[in-house]
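Accompanying notes for the structure given below.
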There are 2 protein chains.
Amino acid sequence: MATSRDVARVAGVSQSTVSYVMSGRRSISPETRKRVLDAIEQLTYQPNAGARALASQRTQVVGLVVPFGPAADTAGLLPFIETIASCARAEDHDVLLVTADEGAAGLIRLAGRALCDAIVLMGIGADDARIPVAATLSVPVILIGVPDDSAGLHCVDVDFALAGALAVDELAGLGHDRVVLIGHPAEVIERDINFVRRFQRGAAAAAERHGIGYSVVAPVPPDTAGAREAVERALEGGGLPGIVVPNSQAVGPVLHALVERGLVPGRDISLIGLCTDAAAEATTPAVTNVSLEPRDVSRRAMEILFRLLDRDGDDPAQLVELIPPRLTRRDTTLPAP
Amino acid sequence: MATSRDVARVAGVSQSTVSYVMSGRRSISPETRKRVLDAIEQLTYQPNAGARALASQRTQVVGLVVPFGPAADTAGLLPFIETIASCARAEDHDVLLVTADEGAAGLIRLAGRALCDAIVLMGIGADDARIPVAATLSVPVILIGVPDDSAGLHCVDVDFALAGALAVDELAGLGHDRVVLIGHPAEVIERDINFVRRFQRGAAAAAERHGIGYSVVAPVPPDTAGAREAVERALEGGGLPGIVVPNSQAVGPVLHALVERGLVPGRDISLIGLCTDAAAEATTPAVTNVSLEPRDVSRRAMEILFRLLDRDGDDPAQLVELIPPRLTRRDTTLPAP
DNA sequence: CTGTTAGCGCCTTCAG
DNA sequence: CTGAAGGCGCTAACAG
């Protein structure tokens with residue numbers, strides 16, 4: 001495997017000149033520059049990442065801590081990972097994947113061994129033991145998700161309170177005089193992910209504003225039986241509530257359970273899901289949804305992270321950035337009155 | 001950040017002794033050993049990954065090339081990634097994630113810059129341009145998936161031919177006199193992933209063995225309309241065929257479309273899906289399935305990879321390893337006659 | 001504009 | 001059983 005010294009020899013220059021040609025950190029005459037580039041091509045030279053990291057103190061790697069394991073959001077994770085990887089590559093960085101089961105130790109390892117220049121931390125709990133550790137690391141950290149106390153770390157997330165409000169506003173506008181949240185799965189509630197509360201708070205506040213009823217059915221196992229029972233309980237209050245399902249997994253089963261009872265969403269009753277647009281379009285019928293956009297959130301997170309890495313760019317002023325979701329009317333809400 | 005020299009100074013030994021204590025590559029007296037370990041703890045020393053890689057020529061990193069992008073298997077990927085990450089950690093390695101859109105250049109980068117010691121390559125096409133490149137790299141490569149020509153590289157995959165046979169055997173045993181494959185989505189066929197053909201070949205051969213009819217409906221968009229039309233065409237042949245859906249995404253919609261037509265799977269007709277057990281249990285009703293086990297495949301792939309990395313272990317004899325799937329009877333196949 | 005030089009932090013042979 | 005020393009390949013002062 002060729003080294004920069006080999007390149008230097010072939011090009012008839014000093015090794016440091018090769019380095020400078022590659023980094024562009026000082027001006028090089030067109031001729032030598034060309035000789036070096038030719039030699040690089042001829043030898044198919046590529047710089048050794050370890051050596052470069054050692055000398056420059058920068059790895060060009062972003063550590064990504066993903067919430068795999070039992071409580072993983074079994075599918076919703078991929079768009080995050082994909083977007084983060086592609087944003088990283090766009091800035092000439094790679095992504096080192098670490099699973100959350102290492103806990104805070106994983107963070108310490110990433111930073112302590114200089115495996116990466118920056119860390120993206122996902123699956124944030126309301127009271128996450130990793131946050132205080134993350135705050136002391138020698139590398140910038142961005143959280144995807146918002147803990148109760150972010151300890152001075154930057155966070156990005158969907159504005160779940162707004163999401164709740166959007167859903168309830170829509171249902172109130174359609175004439176429903178009460179709304180029911182067919183809630184999050186047990187595991188999410190147990191892990192005390194903050195967005196559950198944020199969503200519910202936003203929804204409840206909106207309901208109050210509109211002077212309509214508000215209740216929650218949770219937890220809901222995302223299967224047929226769980227959905228049936230949840231629907232049962234949702235309908236108990238009498239009348240025809242507007243239903244909100246803030247749980248991708250449960251949207252399908254809930255739709256099903258309604259149809260089973262002879263209630264056709266979009267004709268007899270309204271249902272709004274909290275899920276990506278792609279997921280919303282895949283159900284039958286397509287569900288009116290408030291969209292989470294993992295790609296937008298990830299992109300913004302990476303923007304902030306790279307701003308943090310550039311010493312000359314100012315730190316983003318806001319510590320917590322909430323990406324506004326949007327509501328898209330599809331086939332499961334009543335026609336406008 | 002503490003270095004091994006700091007540790008050496010605190011412990012009152014030479015720097016190389018620190019190194020030997022950590023690697024265990026030569027015997028150290030219990031006392032010095034303890035002094036060193038204490039110093040390490042006191043300084044919370046962690047070795048610098050770049051320096052170690054530079055000196056030892058080993059990065060302790062596995063490169064993972066995933067088929068993100070338009071044609072990604074939108075959810076089925078996660079279990080692979082998760083298992084690969086956890087197997088890597090079990091061998092004290094990390095995972096560097098690279099997306100397939102870099103193509104062969106990504107492989108060259110991974111190996112050429114010494115970013116990793118080994119590569120796992122996923123999303124293998126029947127005639128994949130990356131294979132010949134991968135075969136020339138300076139690091140071991142394992143393919144998850146089987147190309148037409150593996151160029152001497154090791155591969156692991158599900159035994160799709162056996163999967164097809166299992167499904168058809170079961171349907172024949174239940175008395176169906178013809179089977180219909182409601183096939184793979186267009187994108188998979190276009191990319192010419194090998195397993196489509198392998199599955200169909202296995203299924204067709206089994207049908208012939210049993211002397212029953214065999215036909216394929218494809219491509220099938222994994223949505224309601226696509227499923228409806230596919231079911232329509234599947235039923236055209238007359239009688240009640242046994243249906244096989246070798247496409248996780250399509251199982252739900254196809255079930256739906258059948259029910260819409262008044263055909264209850266498990267009572268009026270048989271349907272077998274090709275999907276993970278988890279996915280099979282999540283449908284309504286739970287679908288009899290031939291299971292793909294991404295975790296088993298990934299685990300085996302990592303076993304082989306680490307065998308390839310240990311110079312003393314012999315290379316696995318077989319270049320291509322096919323993991324046998326298994327059929328689990330659930331609620332969408334007719335009771336045994 | 002270019003070359004020389006001193007490390008970056010660790011591994012590993014060689015001496016003792 | 002331990003130390004000293006050279007080098008892994010590159011970056012970034014420091015000299016011209």
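Bear in mind that the values here come from a model prediction, so they are computed numbers and not experimental data. All values below come from the heavy atoms of this structure, side chains included, with hydrogens, waters and symmetry mates left out.
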Where protein sits on nucleotides 9-16 of chain C, one letter per nucleotide: B base, S sugar-phosphate only, - none, heavy atoms under 4.0 Å: BBBBBB--
Contacts of type ring-ring contact (aromatic ring centres under 6.0 Å, His included), residue A:His93, not counting sequence neighbours: A:Phe306
Worked verdict on A:Ile131 versus A:Leu143 for side chain to side chain contact (heavy atoms under 4.5 Å, CB included): CA-CA 9 Å; A:Ile131 305 294; A:Leu143 311 180; 3.6 Å; yes
Residue pair A:Ala2 / A:Tyr45: nearest heavy atoms and the distance that separates them: O-CD1, 3.5 Å
A:Glu102 side-chain N/O to A:Val65 backbone N/O, donor-acceptor pair under 3.5 Å: no
Outermost nucleotides of DNA chain D that come under 4.0 Å of a non-hydrogen atom of chain B: D:dC1 to D:dG9
Side-chain heavy-atom pair A:Ile81, B:Leu78 within 4.5 angstrom cut-off: yes
B:Arg89 CZ: over 12 foreign heavy atoms closer than 6.0 Å: yes
Five-pair end axes of the helix from C:dC1-D:dG16 to C:dG16-D:dC1 and the angle they enclose, rounded to 10°: 40°
Pairs flagged by ring pair (Phe, Tyr, Trp, His ring centres under 6.0 Å) wherever residues 101-148 of chain A is involved - sequence neighbours left out: none
Min side-chain heavy-atom separation B:Met1-B:Asn48 under 4.5 Å: no
Pairwise side chain to side chain donor-acceptor pair (under 3.5 Å) hits with a residue in residues 9-19 of chain B, at least two apart: B:Ser4-B:Gln15, B:Asp6-B:Arg9, B:Ser14-B:Ser16, B:Ser14-B:Thr17
Stepwise salt bridge (Lys or Arg N to Asp or Glu O under 4.0 Å) check, A:Asp38 with A:Lys34: CA-CA 6 Å; A:Asp38 287 350; A:Lys34 177 165 185 356; 2.7 Å; yes
